[in-house]
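Reviewing the structure listed below.
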Amino acid sequence: MTTALPTALFIPGEPLDLTSSLTSGQCFRWRVDDAGRWTGALGGDVVRLSPASGGAIAVESAPSPPDETAKALAGYFRIGDDLAAVQRRICWDERVSEGVAAYPGMRVLRQEPWETLAAFILSSTSNMPRISRTVELLAETFGERVTLNGAARRTFPSPERLAEAGESRLRELGCGFRAPYLAEAAAAVASGALPLDALRGAPYADALAALTSLRGVGDKIADCVMLFALDKTEAFPIDRWALKVLREWYGLPVNAKYAEAREWAWSRFGADAGYANQCLFWLVRQSTRPLRSIATIEPPQAERRAWP
DNA sequence: TAATAACCTCGCAA
DNA sequence: ATTGCGAGGTTAT
């Protein structure tokens, strides 16, 4: 027997572009079909998002009812942030302005802390396709199966589950040298030694210290987790792309340390540094497929600002 | 303190 | 075909 498929309408009331928000390297499990419908696994649910007219989004989900999921989506996409206001505050920067113009509806996400930590531990010296593949394989192997109108997905496995799996099993699944890091992080979260969820309410410095106490988690990965899951919009993750941007567009000295670059970002963008970072990162990542061509992008001399 | 391998694995050049 | 190299880092020496 078939039942009518319940659908709810999610009306963000804010700029929201699913494509840039869901493909800009913050998350790894959303898939889009030819019709532009996005399918993901959110918490314990399979979720399907279908862009409708007027910026509305049709939501299907299971097992949670779609109207409940629609509310959760407001949190996931940080609809509480006034994106236009954020953009006005950081658009005086020419490069950030380019990013805003190119991706006007790109949101910074508020994802689940554990899944985000696990995914970014796996991101070390890797690339987006491989991260996605490994995350998906972990879900496929250890996650709970959930179905939506015949389509099946799996939830991201709990820390308990991955801790139980252990390093060797995680290696078998392609985690490589990150396997012990992931296993240890899972154990720390499962045991309560690392109160991940509580870090949402903690100051940046405290969250940073807690996260980097884990093996395999340094400044960059900690910043990703803080920005994409722990409500630290001031976090400014500096990967090799961001580093290249800082050096080539902003004149960051080659010998500058991570902490110095972070301080600079704060002096420039303050609490909006994370949004500025996302604009810059995705701009450079999209505009220069091969790493080598980035050197050809030089700002006009007049746009350069002296390094403080 | 600062530089430099080493670490898993995979996909894609050469 | 086979090999070498780098990919959204971090740790150990």
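A note on names: the letters A, B, ... follow the listed sequences, proteins ahead of strands, and every chain is numbered from 1.
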K232(A) (side chain) donor-acceptor with A205(A) (main chain) under 3.5 angstrom: no
Check for me: is F177(A) stacked on dC7(B) by the 5.5 Å centroid and 30° plane-angle rule? yes
Before accepting this row, confirm whether a basic side-chain N of the pair K220(A)/D239(A) lies closer than 4.0 Å to the acidic partner's carboxylate O. no
Rounding to a whole Å, what distance do you find between D223(A):CG and dT10(C):C1'? 14 Å
Same-atom distance (P) from dC10(B) to dT10(C), integer angstrom: 22 Å
With a non-hydrogen cut-off below 4.0 angstrom, is F28(A) in contact with a base, only sugar-phosphate, or nothing? nothing
Spacing of R240(A) atom CZ relative to dA7(C) atom P, expressed in whole Å: 4 Å
F281(A)-F236(A) aromatic ring centre distance below 6.0 Å: no
Name the nucleic acid region contacted by T212(A), choosing base, sugar-phosphate or nothing; use a 4.0 angstrom heavy-atom cut-off, strictly under. nothing
Is a donor-acceptor contact shorter than 3.5 angstrom present between the side chain of R215(A) and the base of dT11(C)? no
Let me know, please, whether S123(A) or G216(A) comes out on the 5' side of the other along DNA chain C by nearest nucleotide. S123(A)
Regarding D219(A), tell me which of base, sugar-phosphate or nothing describes its non-hydrogen contacts under 4.0 Å with the strands shown. sugar-phosphate
Take atom P in dT2(C) and the same atom in dC8(B), then report the distance between them in whole Å. 26 Å
Rounded to the nearest angstrom, tell me the gap between atom CZ in R178(A) and atom C1' in dC10(B). 10 Å
P gap between dA5(B) and dC5(C), integer Å: 13 Å
Atom-to-atom span, CG of L122(A) to P of dT10(C) - whole angstrom: 13 Å
Separation of atom NZ in K220(A) from atom P in dT10(C), rounded to whole Å: 7 Å
Give the nucleotide from the list dT11(C), dG9(C), dT9(B) with an atom nearest to the side chain of R130(A). dT9(B)
Nearest-Å distance, CD (E184(A)) to P (dC7(B))? 17 Å
R171(A) has its side chain closest, among dC8(B), dG9(C), dT11(C), to dC8(B)
Pairwise P distance for dT1(B) and dG9(C), with rounding to whole Å: 25 Å
Under 4.0 angstrom, heavy atoms only, what part of the nucleic acid is F120(A) near: base, sugar-phosphate, or nothing? base
Ion pair present between E136(A) and R29(A), side-chain N to carboxylate O less than 4.0 angstrom? yes
Report yes or no: does E60(A) contribute a side-chain atom to a donor-acceptor pair with the main-chain N or O of L49(A) at less than 3.5 Å? no
If you take the centroid of each ring, where Trp contributes its six-membered ring, are Y275(A) and F269(A) closer together than 6.0 Å? no
Hey, which of these two, L214(A) or M128(A), hits DNA chain C nearer its 5' end, going by closest nucleotide? M128(A)
What nucleotide, of dC10(B), dA2(B), dG9(C), holds the atom closest to the side chain of K257(A)? dA2(B)
Across all strands, who's sitting opposite dC7(B) as a Watson-Crick or G-U wobble pair, both distances under 3.5 Å? dG9(C)
From CG of D239(A) across to C1' of dG6(C) the rounded distance in Å is 14 Å
To the nearest Å, how far apart are R285(A) CZ and dG6(C) P? 15 Å
At under 4.0 Å between heavy atoms, what does L170(A) touch on the DNA or RNA strands: base, sugar-phosphate, or nothing? nothing
